[in-house]
Amino acid sequence: MGEISCSTEPINGVLSRSSSSPPPSGYRKSCWYEEEIEENLRWCFALNSILHTGSTQYQEIALFDTKPFGKALVIDGKLQSAEVDEFVYHECLVHPPLLNHPNPKAVFIMGGGEGSTAREILKHTTVDKVVMCDIDEEVVEFCKEYLVVNTEAFNDPRLDVIINDARAELEKRKEEKFDVIVGDLADPIEGGPCYKLYTKSFYESTVKPRLSQGGIFVTQAGPAGIFSHAEVYTCIYNTLRQVFKCK
């Protein structure tokens with residue numbers, strides 16, 4: 001989980017000391033966001049400011065203005081994306097499936113509340129309908145207000161934003177088919193809002209039947225590092241290979 005720490009440090013030095021009082025002469029206030037990546041490994045970012053922190057019915061959200069990466073969105077103590085480099089994740093998630101489909105017109109996004117996945121999908125001129133279904137209305141409204149990079153996407157008439165559980169929404173659309181379905185969800189942590197959206201039964205009975213002929217399903221699958229792949233990536237991969245022919 002992420003933590004915020006503040007200290008005072010010498011203006012021309014690197015040592016720091018904890019302090020809850022205003023910094024003395026020759027010192028400056030310094031705030032950092034720190035997150036554990038895996039055992040014995042943490043990263044931390046210096047902050048310009050804390051723009052917002054709060055809780056919704058489903059999760060805790062925060063927006064920081066970081067010195068190295070601009071605005072950073074944190075949900076449940078885990079960094080989701082940062083202004084400077086979020087395009088790397090979202091481009092890799094969206095463009096391979098849409099470029100591999102001969103004529104993608106209708107796309108369904110499971111999650112994607114910050115709007116970046118929709119932004120990348122809407123760059124494809126063949127797309128005439130995008131349904132973005134996120135369970136947490138407060139997160140969606142929060143991102144609409146603070147993440148101005150996605151303002152144009154949220155205002156695009158091709159985008160239909162639905163506040164609902166993605167499983168329930170897909171099951172409700174029995175007669176509807178999508179050329180591409182994108183899973184832009186939090187990791188499947190047991191007890192979390194997305195846990196049941198990574199199961200074999202969900203892929204078989206809900207996702208696969210909603211794909212049009214030649215349709216493509218893609219999902220984020222957590223970190224895939226030498227050690228971190230065991231967290232969720234391997235499990236998701238092994239589940240998908242039981243349902244879909246191509247991976």
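For the single chain, residues carry numbers from 1 onward in sequence order.
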For the pair Tyr237 and Tyr233, name the ring-plane relationship: parallel under 30°, tilted 30 to 60°, perpendicular over 60°. parallel
If every non-hydrogen atom of Val243 is compared with every non-hydrogen atom of Lys208, which pair is closest and at what distance? O-NZ, 2.8 Å
Does a donor on one side chain and an acceptor on the other come within less than 3.5 Å for Ser212 and Asp179? yes
Between Glu138 and Thr56, the two heavy atoms sitting closest are CB-CG2, 3.5 Å
Cluster overlap Val148 with Leu51, hydrophobic side-chain contacts below 4.5 Å: no
OG1 on Thr219 to OH on Tyr198, rounded to 0.5 Å: 4.5 Å
Taking all non-hydrogen atoms of both residues, which atom of Cys44 and which atom of Trp32 are closest, and how far apart? SG-CE3, 3.9 Å
Between Phe64 and Phe45, is the ring centroid distance below 6.0 Å? no
Would a distance-only check, ignoring hydrogens and angles, find a side-chain to backbone donor-acceptor pair under 3.5 Å from Asp160 to Val131? no
For a 4.5 angstrom cut-off between non-hydrogen side-chain atoms, does Phe244 reach Val207? yes
When rounded to the nearest 0.5 angstrom, what is the spacing between NZ in Lys123 and CZ in Arg119? 5.5 Å
Residue pairs passing the ring-ring contact (aromatic ring centres under 6.0 Å, His included) test with at least one member in residues 89-112, sequence neighbours excluded, are His95-His124, Phe108-Phe178
When rounded to the nearest 0.5 angstrom, what distance separates CD in Glu137 from CD in Gln57? 10.5 Å
Do Phe87 and Val149 come within less than 4.5 Å of each other through their side chains, counting heavy atoms only? no
Check whether Lys71 reaches the backbone of Tyr146 with its side chain - one donor and one acceptor, N or O, closer than 3.5 Å. yes
Could you tell me which non-hydrogen atom of Ala118 sits nearest to which non-hydrogen atom of Leu159, and how far apart they are? CB-CD1, 4.0 Å
Counting only N and O atoms by type, is there a donor-acceptor contact under 3.5 Å from the side chain of Thr126 to the main-chain atoms of Pro104? yes
If hydrophobic clusters are built from ILVMFWY residues whose side chains come within less than 4.5 Å, do Val182 and Val161 share one? yes
Can any side-chain N or O of Glu114 pair as donor or acceptor with the backbone N or O of Leu147 at less than 3.5 Å? no
Passing candidate, salt bridge (Lys or Arg N to Asp or Glu O under 4.0 Å) with Glu176, options Arg173, Lys174, Lys172: Arg173
Rounded distance [0.5 Å steps], CG in Asn150 versus CD in Glu120: 8.5 Å
Give a yes or no on whether Met110 and Leu93 share a hydrophobic cluster (residues Ile, Leu, Val, Met, Phe, Trp, Tyr; joining criterion: side-chain heavy atoms under 4.5 Å apart). no
Side chain proximity check, Asp136 to Phe142, heavy atoms < 4.5 angstrom: no
Are Arg210 and Phe217 side-chain neighbours, meaning at least one heavy-atom pair lies under 4.5 Å? no
Working to the nearest 0.5 angstrom, can you tell me the gap between Leu63 CG and Ile50 CD1? 10.5 Å
Quick one: list whatever passes salt bridge (charged side-chain N to carboxylate O under 4.0 Å, His left out) with Arg158, sequence neighbours left out. Asp156
Side chain to side chain, Glu35 and Trp43, heavy atoms closer than 4.5 Å: yes
Shared hydrophobic cluster for Val139 and Tyr58 (ILVMFWY, side-chain gaps under 4.5 Å): no
Do Phe202 and Arg167 have side chains that approach each other closer than 4.5 Å (heavy atoms only, starting at C-beta)? yes
How long is the straight-line distance from CD1 of Ile181 back to CG of Leu170, given to the nearest 0.5 Å? 5.5 Å
Under 4.5 Å between side-chain heavy atoms, hopping through other hydrophobics if needed: is there a path connecting Met132 to Val127? yes
What's the shortest heavy-atom distance between Gly115 and Ala153, and which atoms? O-CB, 4.3 Å
Shortest non-hydrogen contact between Gln220 and Leu185, atoms and distance: NE2-O, 3.1 Å
